Number of protein chains: 6
Amino acid sequence: DFLRALDEVRPSYGAATETLEQYRPGGMLDIGPQYHATLAELQQLLESVEQQEAVPLSAALLWGDSGTGKTALASTLAIDSGFPFVKVVTTDSMVGYSDAARCSQITKVFEEAYRSPLSLIVLDDIENLLAYRSVGLRYADAVLSVLIESLKKLPPPGHHLFVIGTTSNKEMMQTLGLSKYFQLELEVPPLDSTAVQMVLAASGAPRGVDFSAAAETLYGERVPIKDLLFALHVSAQGLAPGETTVSASAFQRVWARIAKAEA
Amino acid sequence: DFLRALDEVRPSYGAATETLEQYRPGGMLDIGPQYHATLAELQQLLESVEQQEAVPLSAALLWGDSGTGKTALASTLAIDSGFPFVKVVTTDSMVGYSDAARCSQITKVFEEAYRSPLSLIVLDDIENLLAYRSVGLRYADAVLSVLIESLKKLPPPGHHLFVIGTTSNKEMMQTLGLSKYFQLELEVPPLDSTAVQMVLAASGAPRGVDFSAAAETLYGERVPIKDLLFALHVSAQGLAPGETTVSASAFQRVWARIAKAEA
Amino acid sequence: DFLRALDEVRPSYGAATETLEQYRPGGMLDIGPQYHATLAELQQLLESVEQQEAVPLSAALLWGDSGTGKTALASTLAIDSGFPFVKVVTTDSMVGYSDAARCSQITKVFEEAYRSPLSLIVLDDIENLLAYRSVGLRYADAVLSVLIESLKKLPPPGHHLFVIGTTSNKEMMQTLGLSKYFQLELEVPPLDSTAVQMVLAASGAPRGVDFSAAAETLYGERVPIKDLLFALHVSAQGLAPGETTVSASAFQRVWARIAKAEA
Amino acid sequence: DFLRALDEVRPSYGAATETLEQYRPGGMLDIGPQYHATLAELQQLLESVEQQEAVPLSAALLWGDSGTGKTALASTLAIDSGFPFVKVVTTDSMVGYSDAARCSQITKVFEEAYRSPLSLIVLDDIENLLAYRSVGLRYADAVLSVLIESLKKLPPPGHHLFVIGTTSNKEMMQTLGLSKYFQLELEVPPLDSTAVQMVLAASGAPRGVDFSAAAETLYGERVPIKDLLFALHVSAQGLAPGETTVSASAFQRVWARIAKAEA
Amino acid sequence: DFLRALDEVRPSYGAATETLEQYRPGGMLDIGPQYHATLAELQQLLESVEQQEAVPLSAALLWGDSGTGKTALASTLAIDSGFPFVKVVTTDSMVGYSDAARCSQITKVFEEAYRSPLSLIVLDDIENLLAYRSVGLRYADAVLSVLIESLKKLPPPGHHLFVIGTTSNKEMMQTLGLSKYFQLELEVPPLDSTAVQMVLAASGAPRGVDFSAAAETLYGERVPIKDLLFALHVSAQGLAPGETTVSASAFQRVWARIAKAEA
Amino acid sequence: DFLRALDEVRPSYGAATETLEQYRPGGMLDIGPQYHATLAELQQLLESVEQQEAVPLSAALLWGDSGTGKTALASTLAIDSGFPFVKVVTTDSMVGYSDAARCSQITKVFEEAYRSPLSLIVLDDIENLLAYRSVGLRYADAVLSVLIESLKKLPPPGHHLFVIGTTSNKEMMQTLGLSKYFQLELEVPPLDSTAVQMVLAASGAPRGVDFSAAAETLYGERVPIKDLLFALHVSAQGLAPGETTVSASAFQRVWARIAKAEA
Ligand SMILES: Nc1ncnc2c1ncn2[C@@H]1O[C@H](COP(=O)(O)OP(=O)(O)OP(=O)(O)O)[C@@H](O)[C@H]1O
Ligand SMILES: Nc1ncnc2c1ncn2[C@@H]1O[C@H](COP(=O)(O)OP(=O)(O)OP(=O)(O)O)[C@@H](O)[C@H]1O
Ligand SMILES: Nc1ncnc2c1ncn2[C@@H]1O[C@H](COP(=O)(O)OP(=O)(O)OP(=O)(O)O)[C@@H](O)[C@H]1O
Ligand SMILES: Nc1ncnc2c1ncn2[C@@H]1O[C@H](COP(=O)(O)OP(=O)(O)OP(=O)(O)O)[C@@H](O)[C@H]1O
Ligand SMILES: Nc1ncnc2c1ncn2[C@@H]1O[C@H](COP(=O)(O)OP(=O)(O)OP(=O)(O)O)[C@@H](O)[C@H]1O
Ligand SMILES: Nc1ncnc2c1ncn2[C@@H]1O[C@H](COP(=O)(O)OP(=O)(O)OP(=O)(O)O)[C@@H](O)[C@H]1O
Ligand SMILES: [Mg+2]
Ligand SMILES: [Mg+2]
Ligand SMILES: [Mg+2]
Ligand SMILES: [Mg+2]
Ligand SMILES: [Mg+2]
Ligand SMILES: [Mg+2]
């Protein structure tokens, strides 16, 4: 199927792609039909950009709660796009930078993209790129200007650019007037109970896990995939040397602490 | 008729005009009577500036929703004006600039214009030139000062200047005290159903489109021309190699996604 | 009469006066009794400054709607004053300047004025000198300080200074504490219907105009002289080569657009 | 009496004193008992500073409406004090200065004062020194700090400092926490009708004035001395060459305009 | 037991560890079961980071009233972790630093940590690192950005990082959007009466203390350990040379003053 | 008694101590039991710092109305402490300084203190050190950070630091989060009628004063010692050459003016 196809075809585009790999360290698991639909829609837009002369610029937004897999998904799309220029714009490479330095780094990425006939840029975690604070409505206005102006500016004739944004604060996108630059908005939701089962089943989780019981604990909740994977690994810590199965109670104890912190 | 006339006569004024061409990449389609009326009014004002000694400075504002064709229209007017100096002031050439750099670039454009006996300046997307954010009423005040002062300052005796502004935020123009510097304010509205039909008919849309059915989908809505053209191209992406007609259902599926994003 | 007298006596004071001439490009028309009264009052104050040893400093404020002729009136007074030093402080010569540069330019004008035994300074369009925005109560505080401090500071013993301010925002003058530095406040009102008739009659309007009918259109309204003159010129644009009279309907069509924009 | 005594004894203390003279250009007129009482109280405090070892620092505030004579009074006291160091801190010598430059100029005046065994500093028009705007509560905080800290800091042992402040905004003094540094607060009120009569009688007003009638116009009003003197001089402007008495009607016409502007 | 084990095994990791020792000058006392539970939970997380390949980054937050022992606890954990890189980020080494200097110091600590395969960073007293003021919601936004971005950024492949934050303002963590980066949140509570007894018993308090009576004073209150230790030492000050036991009344007198200050 | 003891033992610690002397120019008078109690409490804390190894840092706050003697009291304690390092941090030595300069001066004082085994720092008039304005809640945040961080930072092992703060705005201390760094808070109240009598009796007031009657005037009021001493000296100014007793009426007249200014 589509998903598997994505994982199989991984051409190597040098440093940029290697960097992108780090955002899906454990590889991508199949987590159900909504995931497939999202991928298919993004794929169509991506192909339009590539093949339709009249679509020089297009942007899609992935939104959803913290830890639902937005960055991993965007990275996967970027890696699998086969575009000659792919780059992620992320705060990881800007810690401690001034606003001005952030602006010029982002501007530089877009300018490089304009030089390639076919480019893909991931604007990851837009609320953090903007240093957005919901309280007091504080954000880096110079960075916002760069984002808006870059999302609006056409690449040179004959060149094509696809932008994928990710955010866990969709309301902010509206508030700051960024929404209108994204033609598509797609939710990356937390896992439902079926998806949780798929993850538990598929995860080569540390030395095994007592599936049925653990899934029960989570039944009815919508779970960010990040928290689920984290809890699995931490609860595996208590295992005796020879043991390979995480007991339901060990998992539940860890999960209770993590989930409480999340509420 | 007038519209066709515009398209036929396209004298070449060098680099500035070539730059302006990029804002109407697919050429201009005839989209009905209101479009004609708007063009006629702007034309009269333009001619007054050119021929009446006593009208050294005049400004018109094009306003309307995002993607209705304001920039394309202003560019068309500028290209067809035949004025020896035409220039568009746009954020496209200022991404990542400081406020001070923006101010001096805008000031420079006006100073160059004063040197020509007959000049036309497009102030495109004024809300973005000002980095205006409706929430928190934030904007670049230094840039606003430059705009106000330039819109108020007469060119030297015997010289004439025509300014066309575009904005999708007419209320902001009032709020910031910019409205009073524009003698004419003209709306560029989204397409009504008749205009949609004209666009569908005229568009050499990618490999044809199933007109009647697609138009039906849009019946009763007012549609920005940008979104319509975009949806046409993306839906054409699904076509099989030999196929040349976008099916109504393919168009509708894409349109539903785009339009939802817009709401 | 007084008005005519003003126009006849125009001594030449070099560059400064030439600059002032540009603010009344079409010459000054007689627009009725209130205009005369205003001129007479300003004249008396001007003469006090010139002849009374005990009045070293005096200031008058001209206020009224946009385009009513405040700048033209102040320029006329300055030109006709015969004072050895006359200068207009205006944003026209400060486009793109920083606040600090504005402050030092204004300070310099006053310092030059102190060197002349008899000086007149026009502070034109004070709201724009201050970059005042009514929304958010934003303005250049450093410039306000310079204005206040200059309006308060006496010229050296034996020297005399007369200041004329113009503004279309009288309320702002109060809000910012500027009012108290002006001994006289005089309104420059929009034209009433009699004055409109006088302008239509007197204006060597482009190739004539069908007075009676055009005046009718404006009957009952108070009209800024700027808009009236503008509409006259633009409507003259439609005239056939041989024609010399603007028809009432042509004028009305233009006027409707302009006036709507003004509302 | 006391007042006359003040005027008679005017020792010369060089430049500073000459500068102070400019703030009472027409000399000081006797304007009644309250004026005498105010002078007497200030005199006692001044003498304490001079003669009591235990009062190294003292400050008095003169407050009252615009143009009531506060600066003239403070200057008179400074000139007549006979102190070896007297200086006025005023915006007149700081037009166009940055806040930092203002701070260092004020600091320098105090530091010079500390070097003299007996010093008097006039802080004139404190609201303008602070660039205080009642709307929006804006002011130069760095200057406020310098004022507070200077008003609080004792001169070196054996040295004595007397500070006189003037302001037309007593409420601001409280708001900004300046009041508590002034041991004495004295009002300089506008003229009552008796005082008006005294000024009219005493003023060598330009070529005489028809006292009784003019005084009538002002009967019952409280008049700032500045406005009264200004109106007298302007109304004298209308006199025919040989005439030496301002008619009541001429005075009343001018007064009506001035007073209206003041309201 | 666990606690004692911690105290016994203290490997020496050079300067960083010595610095950490200063935050628990008097050594750590056993203060009951909650303290043990907290330590055990932190220990499990720490071991996950060390041993689970799939947990490259993890963070825990210690929160509680002022003086409850958060910094001492975090330091103890860091010292006992045996990690090759341990460092505390604290305002102690940044007094008088600009925001920019703070940012670059924090950034540098994280960059050093990334170079070690196994690192532990204590972010001590986060409200002070941020110069957070609850009134007016003021804080150093640049520092907040650095913290958020560092808490989100993964160490290089194969490297592991554990972060312990401490704060006495848990609500701020939520307000500023910092909470979601901590997988675990653990309260460090003030002492209950049992714990008070344990401290009194265990403390080699200055020259002994009359336990039972002193404890009575505190019965029913929840007491920060810092205040209790402080009061014990100050009350010991009154002792006569030969005396070795603090009397209940001496302790009570001091305690009343301290506790009042705290209320 | 204790008080007298303080005055007798005054070891000389060089420049710093001489500077401190200037804050109690007339020497210290005994003003009753509360004063004694305050001194005793401070003394105990001071001795703890000196003698208890486990109290490396301690801080006490003196608060009370303007002019009650807080600075004089803190200076007295500092002088009499016998500590090898004593220093007062005051705006007196920072007039006209930028915030950054203030920060580095304060930081420097603390750093010097850390070098001495036993140090005492007076933070005088904290509201002015912070340039705190109650209206608009404005203050120097960088200075606040330096104060908080210095009050929290332990001196190096074996070194001891005692801090005395003074303020007339105790509420601000709470608002800005400074209170919690002071273990002791002690009020320095205005004089009650008994204390007023003691001051009148003790003061070698200028050439004597008619005690009973003057005291009556103040009976029932709580009087800052500063105002009382000031009024005594100013009223002594009216004395005839040979006279040595201030009359009750002379005192009352001055007192009425001063006290009114204070209300
Ligand atoms: N489909 C998937 N299969 C396996 N692992 C996944 C999948 N999606 C996400 N993950 C893992 O889950 C973790 C969280 O994913 P990711 O960082 O993409 O979430 P996010 O939505 O971007 O979170 P945030 O809102 O915090 O930025 C990552 O470690 C990622 O590798
Ligand atoms: N009359 C027309 N015929 C054909 N294409 C048009 C016409 N008007 C606009 N377009 C196309 O529609 C798209 C949007 O137009 P344009 O950018 O001018 O809209 P806009 O109103 O300026 O939008 P925005 O508010 O986002 O600035 C462009 O690709 C433009 O080429
Ligand atoms: N009395 C007059 N006779 C002829 N033309 C006039 C007269 N008064 C003004 N004008 C013309 O009207 C136009 C507007 O006048 P002006 O610029 O002085 O108005 P304003 O009140 O200063 O406007 P604004 O408020 O925009 O500054 C100018 O072109 C000026 O030459
Ligand atoms: N007693 C007086 N006799 C004669 N002239 C006086 C007297 N008092 C003031 N004046 C004159 O009145 C004018 C206004 O006085 P002054 O500038 O001192 O007023 P002010 O209260 O300081 O005003 P402002 O509030 O505007 O600073 C000055 O020209 C001054 O010379
Ligand atoms: N378990 C313990 N045994 C002995 N002393 C302790 C213990 N916990 C804390 N202390 C001591 O109590 C004092 C306060 O502890 P610490 O500074 O860690 O508190 P904190 O919660 O970090 O306070 P703050 O909120 O002010 O930062 C320190 O002197 C510390 O050495
Ligand atoms: N006990 C005392 N005996 C004699 N004089 C005193 C005494 N206490 C204070 N004074 C004197 O009273 C005056 C005011 O005291 P001080 O400056 O210490 O007050 P303060 O409370 O610090 O005032 P502020 O709030 O304005 O800082 C000083 O001149 C000081 O010398
Ligand atoms: Mg992400
Ligand atoms: Mg546009
Ligand atoms: Mg004007
Ligand atoms: Mg004054
Ligand atoms: Mg701590
Ligand atoms: Mg004090």
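Just so it is clear, the model here is predicted, and its values are computed rather than measured. Throughout, protein chains are lettered first and strands after them, A, B, ... in sequence-line order, and every chain is numbered starting at 1.
In this structure, N128(C) contributes its side chain and A131(C) its backbone to no donor-acceptor pair below 3.5 Å.
By number of non-hydrogen pairs under 4.5 angstrom with chain D, the leading residue of L186(C), D141(C), I106(C) is D141(C). Among the candidates L137(C), V55(C), L144(C), the residue making the largest number of heavy-atom pairs closer than 4.5 Å to chain D is L144(C).
In this structure, the side chains of V88(D) and Y23(D) come closer than 4.5 Å at one or more pairs of heavy atoms. Looking at E149(C) and Y97(D), their side chains never come closer than 4.5 Å, going by heavy atoms from C-beta outward.
For chain D, the nearby part of Y181(C) is the side chain; its heavy atoms alone come within less than 4.5 Å. For a residue to count as touching a neighbouring chain, one of its non-hydrogen atoms must lie under 4.5 Å from one of that chain's; by this rule E53(C) does not touch chain D. With a 4.5 Å cut-off on non-hydrogen atoms, T175(C) touches chain D through its backbone and its side chain both. Neither the backbone nor the side chain of T71(D) comes within contact range of chain C; no heavy atom of the residue lies under 4.5 Å from a heavy atom of that chain.
The distance from atom CE of M173(D) to atom NZ of K170(D), rounded to the nearest 0.5 Å, is 10.0 Å.
The side chain to side chain contact (heavy atoms under 4.5 Å, CB included) test with V146(D) is passed by exactly one of D99(D), L129(D), T107(D): T107(D).
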